[in-house]
Amino acid sequence: MPEATKIRAVKGTRDLLPPATGLWQRVEDEARRVFAAYHFGEIRTPVLEPADLFARSVGADTDIVTKEMYTFEDRDGERLALRPEATASVVRAYIEHGLFNQGRVNKLYYIGPMFRRERPQKGRYRQFYQIGAEVLGSEAPSIDAELLEMLVLLLDRLGLRGCRLLLNSVGDSHCRPEYVKVLRRALENMQGRLCADCQRRAATNPLRVLDCKVEADQPLIAKLPSILDHLCPECRAHFERLQAELGQRGVKYELAPRLVRGLDYYTRTAFEITSDVLGAQNAVLGGGRYDGLSELLGGPAAPGIGFAIGLDRLILAVEAVGQLKPQEGLAVYIAWLGEAALPPAIELATELRRADWSVELDYEPAKLKKSLGTASKLGARFTVIIGEGELASGRYQVKNMATGEQQEVPAARVGGYLQERIGSTFFARAEIGR
RNA sequence: GUGAGCGUAGCUCAGCUGGUAGAGCGCCAGACUGUGGAUCUGGAUGUCGCGGGUUCAAAUCCCGUCGCUCACCCCA
């Protein structure tokens, strides 16, 4: 290494490299497939947004906006921000493009990086990735239920076990303020008996006391009034219909009256899925309804619901469970012996690659022993050997790397031979990896 | 922003109370002139994160600094 100061990735950001990215692709593919089944379309919004968008949606007083958002002034003085989440952007686009004029509901999903300047730790990065989906234009409980069903299917496809779906309703602009008052009063009566953090939360954000993790506080917290007992009739009916439909769809969940969400815009349905294989940051995904958000951003009344999956965390969980294998592999390695064999080797490689087989070959002259070693290391399913004899006969040696069997195959037939052995899929979907 | 732990070969790490660096894995070569994954033999690679101090002598002790990790806060 030259003696210049090493430039490293920015704190809290990281490079994702090949064997690992195979798993990321696999997970993203599964998500896209499941979303397509539920007829969601992909939306791609900018990573850069007016800073004000998040102040108005996420909440000007939230930690995300006050201390975690990357904001800066553009050269013309405009305040910009790297998006800390995507729901606000999706709703902004929904309004900007008049999607509400399309009638019916809009079902959109996104995959991409988000940015929050927090202290990194396991499952939490400054540039992190989210897969999310939003349904805009209806408050029907059936949509909430469908969304949750879809999530359960996705996690199942990914082989994730040990996940819990926690469900709550946080009420709306009518009943939640009332509940917060009741909660405040109850907290005042407990003054001094909760942990220091809770004392502080009781004043700043009483709802947060509910998900305090301090063991000693639990008995007291259990005695606090539950929001579910304070929902207005409309919210209660909505929540009951949702639960009924979840039952009908076979979606298992746990009522979590103490589940609260951090972003200001949430109303009614709130949920979270946790995994017991993660560390302290055990929430794989979170979401909920945000019926007033569109209006807050200057749009029409357009109720919505959505979720965001923490991809980094999802991957950690998928790795821990170890069910899903990255989808990558090498179908064929071509070993050529002697300069005269190089042109035919290149010709074969090109032909196979055009037929979508994944192919590698020696770039420099190598001993057969070495080529086979390389082929083996790369996980090639087959190795084609082209030497003097093969050139003369026009029949190549094709070796099955798993069994060691080897057969002579006419040069023009190699593609067909592979097709018969590996299958009709377009390229080797070898299940390699650990 | 707060706290704790850790920075030694490409990777995982050992190196006790100071005597100027090791293992396993990986990599390369050979045993085996055109047959891999096994075994054996040999080989290459380190500013011991960086800077300073103590000492005859520092990877080891002290101070500082940077980085990473985990946790708190909060969230995905």
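The chains referred to below are lettered A, B, ... by the order of the sequence lines, with proteins before strands, and numbering in each begins at 1.
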Nearest of [options] to any side-chain atom of [X]?
{"X": "A/R8", "options": "B/rG67, B/rG36, B/rA71", "value": "B/rG67"}
{"X": "A/Q397", "options": "B/rC74, B/rC27, B/rG34", "value": "B/rG34"}
{"X": "A/K377", "options": "B/rG36, B/rC28, B/rC72", "value": "B/rC28"}
{"X": "A/K122", "options": "B/rA71, B/rA76, B/rU35", "value": "B/rA71"}

Quick check: any donor-acceptor pair below 3.5 Å linking the side-chain of A/K369 to the base of B/rU35?
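In this structure, the two groups form no donor-acceptor pair.
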Any N/O donor-acceptor pair, A/Q406 side-chain to B/rU35 base, under 3.5 Å
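Checked by distance alone, the answer is yes.
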Residue-phosphate contact under 4.0 Å: [X] side-chain N/O, [N] OP1/OP2:
{"X": "A/K370", "N": "B/rC32", "value": "no"}
{"X": "A/K367", "N": "B/rC32", "value": "no"}
{"X": "A/Q121", "N": "B/rC72", "value": "yes"}
{"X": "A/K67", "N": "B/rC74", "value": "no"}

What residue among A/E146, A/E42, A/E134 forms salt bridge (Lys or Arg N to Asp or Glu O under 4.0 Å) with A/K107?
A/E146
Does the structure show a Watson-Crick or G-U wobble partner for [N], both distances under 3.5 Å? Name it, or say none.
{"N": "B/rG1", "answer": "B/rC72"}
{"N": "B/rC48", "answer": "none"}
{"N": "B/rC11", "answer": "B/rG24"}
{"N": "B/rC6", "answer": "B/rG67"}
{"N": "B/rA59", "answer": "none"}
{"N": "B/rA29", "answer": "B/rU41"}

Please work out if [X] contacts a base, only the sugar-phosphate, or nothing of the nucleic acid, heavy-atom cut-off 4.0 Å.
{"X": "A/A402", "value": "base"}
{"X": "A/L314", "value": "nothing"}
{"X": "A/M114", "value": "nothing"}
{"X": "A/E388", "value": "base"}
{"X": "A/E390", "value": "base"}
{"X": "A/A283", "value": "sugar-phosphate"}
{"X": "A/G123", "value": "base"}
{"X": "A/Y333", "value": "nothing"}
{"X": "A/G404", "value": "base"}

Which pairs would a plain distance check flag for residues 268-275 of chain A, meaning a side-chain donor or acceptor within less than 3.5 Å of a matching protein atom at least two apart in sequence or in another chain?
from: A/T269; atom 1: OG1; to: A/D144; atom 2: OD2; distance (Å): 2.6
from: A/E272; atom 1: OE1; to: A/R261; atom 2: NH1; distance (Å): 2.9
from: A/S275; atom 1: OG; to: A/V277; atom 2: N; distance (Å): 3.2

Distance, rounded to the nearest Å, where [X] contributes [atom1] and [N] contributes [atom2]:
{"X": "A/Y265", "N": "B/rA76", "atom1": "OH", "atom2": "C1'", "answer": "11 Å"}
{"X": "A/L337", "N": "B/rU33", "atom1": "CG", "atom2": "C1'", "answer": "12 Å"}
{"X": "A/R395", "N": "B/rG34", "atom1": "CZ", "atom2": "C1'", "answer": "18 Å"}
{"X": "A/D362", "N": "B/rG36", "atom1": "CG", "atom2": "C1'", "answer": "13 Å"}
{"X": "A/I315", "N": "B/rA76", "atom1": "CD1", "atom2": "C1'", "answer": "13 Å"}
{"X": "A/I7", "N": "B/rG67", "atom1": "CD1", "atom2": "P", "answer": "14 Å"}
{"X": "A/E68", "N": "B/rC73", "atom1": "CD", "atom2": "C1'", "answer": "9 Å"}
{"X": "A/L368", "N": "B/rG30", "atom1": "CG", "atom2": "C1'", "answer": "17 Å"}

Could you tell me whether A/E96 atom CD has more than 12 heavy atoms of other residues or ligands within 6.0 Å of it?
yes
Does atom CZ of A/R258 have more than 12 heavy-atom neighbours, drawn from other residues, nucleotides or ligands, at distances under 6.0 Å?
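Enclosed.
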Classify the ring geometry between A/Y109 and A/F35 as parallel (under 30°), tilted (30 to 60°) or perpendicular (over 60°).
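Correct class here is tilted.
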Measure the acute angle between the ring planes of A/Y290 and A/Y265, then classify it against the limits of 30° and 60° as parallel, tilted or perpendicular.
perpendicular
Could you give the distance separating [M] and [N] at their [atom1] atoms, to the nearest angstrom?
{"N": "B/rG34", "M": "B/rU20", "atom1": "P", "result": "46 Å"}
{"N": "B/rG22", "M": "B/rC48", "atom1": "C1'", "result": "12 Å"}
{"N": "B/rG18", "M": "B/rC61", "atom1": "C1'", "result": "8 Å"}
{"N": "B/rC28", "M": "B/rG64", "atom1": "P", "result": "45 Å"}
{"N": "B/rA21", "M": "B/rU60", "atom1": "C1'", "result": "12 Å"}
{"N": "B/rU54", "M": "B/rU17", "atom1": "P", "result": "23 Å"}
{"N": "B/rG24", "M": "B/rC66", "atom1": "P", "result": "38 Å"}
{"N": "B/rU41", "M": "B/rC56", "atom1": "P", "result": "45 Å"}

Go along nucleotides 1-10 of chain B 5' to 3' and tag each nucleotide: B for a protein heavy atom under 4.0 Å from its base, S when only backbone or sugar atoms are that close, - otherwise.
BBB-------
Considering all heavy atoms, the nearest A/L187-A/P206 contact
CD1-CB, 3.9 Å
How far apart are the closest heavy atoms of A/I64 and A/P84, and which atoms are they?
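So the two residues come closest at CG2-CB, 3.6 Å.
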Stepwise side chain to side chain donor-acceptor pair (under 3.5 Å) test for A/T267 and A/D172:
CA-CA 5 Å; A/T267 56; A/D172 61 11; over 6 Å; no
Cation-pi, A/Y110 ring and A/R44 (6.0 angstrom, 45 degrees)
no
Would A/Y129 and A/Q127 satisfy side chain to side chain donor-acceptor pair (under 3.5 Å), going step by step from the backbone distance to the final call?
CA-CA 7 Å; A/Y129 297 82; A/Q127 174 171 339; 2.7 Å; yes
Earlier contact from the 5' end, RNA chain B, for A/K11 and A/I273
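Nearer the 5' end of the strand: A/K11.
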Closer to the 5' end of RNA chain B via nearest nucleotide, is it A/G387 or A/G287?
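Looking at RNA chain B, the more 5' nearest nucleotide goes with A/G387.
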